[in-house]
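All figures in this text were calculated on a predicted structure; none of them were measured in a lab. Quick note on labels: first sequence line is chain A, next is B, and so on, each numbered from 1.
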Amino acid sequence: MSLYTVQSEKNDTMGIITLTGYINENAGKEMITICEDFLNNDEKMIVLDMSGVHLINSMGIASIIHILNRIMEHQGKLFVVTPSEIIKKTLQLMGLEKYLKITDNLAEVTRTAASD
Amino acid sequence: MQFIIKMDMMTDGEFRLSVPFLNGAEVVAYGFIQEVCRLFGVSEPIRDEISFALVEAVLNAIRHSRSEERRVYIAVEYKNQEVRIIVRDHGEGFNVSGTLTEVSKQVDPLQRKGWGLFLIQSLMDETRILSSDRGTQITLVKKIK
């Protein structure tokens, strides 16, 4: 039984990676693969929907950082949508809030991206 | 494959769990500490901080201890408004001061390594590590406000 799910979709404005469960090293690898696909197809606005994630370990966070570095190399942006309080705190403790944007929902992603 | 969890509550209010070096063992530890902290009346935000730190401590033992026994031992107690957790392995030990120095020197979050130890120290109020060639013991303390 898998401890997580990683799904992706693309709309007109962004690529969305939807995560659930426990984001470990294996989930991180899948995230990275999807992100590379998005970037190779010139999709530079990428969203991690973490509303269904209850646990992430340091390897999962390292994968987010890897994705962030790749997106920044392409002058893109990474949004994290609806992380739990503990995950939000973890991202803040790691100092990542200045590099990615945390929002409460996808509509806010679109509004934030439009205003930047 | 048999996944053996040894769990018991000591009569003095301490809970113990030992888990094998198996994929997902840290998830069992996560569930364990969540329930123990709930029993102690720890609020959800604090419970989650403790749980995340414990997951990292267990993963560090699994990844780095090189324990032939291949088990991690966890003991939790609530005393004097503190949750105190001890995570032990019987592995080869490591250079604690060197590692802590290395972790503290890394400033750029996008280049940082050793995330696990950094997270543990950030989420807990006290972290103490003792390590020798007979194993490593990490003590995690969280004050319950």
Within a 6.0 Å radius of atom [atom1] on [X], are there more than 12 heavy atoms belonging to other residues, nucleotides or ligands?
{"X": "B/Arg66", "atom1": "CZ", "value": "no"}
{"X": "A/Glu73", "atom1": "CD", "value": "yes"}
{"X": "A/Lys10", "atom1": "NZ", "value": "yes"}

[Y] side chain reached by [X] side chain, heavy atoms, under 4.5 Å:
{"X": "A/Leu3", "Y": "B/Asn23", "result": "no"}
{"X": "B/Leu119", "Y": "A/Met94", "result": "yes"}
{"X": "A/Tyr22", "Y": "B/Glu26", "result": "yes"}

In one Ile/Leu/Val/Met/Phe/Trp/Tyr side-chain cluster, 4.5 Å: [X], [Y]:
{"X": "B/Tyr30", "Y": "A/Met59", "answer": "no"}
{"X": "B/Val27", "Y": "B/Val55", "answer": "yes"}
{"X": "B/Ile86", "Y": "B/Leu117", "answer": "no"}
{"X": "B/Phe94", "Y": "B/Tyr73", "answer": "no"}
{"X": "B/Ile46", "Y": "B/Leu140", "answer": "yes"}

Between B/Gly116 and A/Ser58, which heavy-atom pair has the shortest distance, and what is it?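 Closest approach of B/Gly116 to A/Ser58: N-CB, 3.7 Å.
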
Looking only at heavy atoms, what is the nearest atom pair of B/Arg63 and A/Asn57, with distance?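 Between these two residues, the closest heavy atoms are NH2-ND2, 4.1 Å.
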
Roughly how far, to the nearest 0.5 Å, is the CD atom of B/Glu56 from the OG1 atom of A/Thr90?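 With rounding to 0.5 Å, OG1 (A/Thr90) is 9.0 Å from CD (B/Glu56).
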
Spacing of A/Ile87 atom CD1 and B/Phe52 atom CZ [to the nearest 0.5 Å]: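 The CZ atom of B/Phe52 is 4.5 Å from CD1 of A/Ile87, to the nearest 0.5 Å.
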
Out of A/Lys89, A/Glu85, A/His66, A/Lys98, return the one with the most heavy atom pairs under 4.5 angstrom to chain B.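 Of the candidates given, the most pairs with chain B belong to A/Lys89.
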
Could you tell me which portion of A/His54 (side chain, backbone, both or neither) has an atom closer than 4.5 angstrom to a non-hydrogen atom of chain B?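 Answer is both: backbone and side chain atoms of A/His54 are under 4.5 Å from chain B.
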
Segment of A/Leu55 engaging chain B (4.5 angstrom heavy-atom cut-off):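 Contact with chain B involves both backbone and side-chain atoms of A/Leu55.
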
Need one label for B/Glu49: side chain, backbone, both or neither, based on atoms under 4.5 Å from any heavy atom in chain A.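 For B/Glu49, backbone and side chain are both near chain A.
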
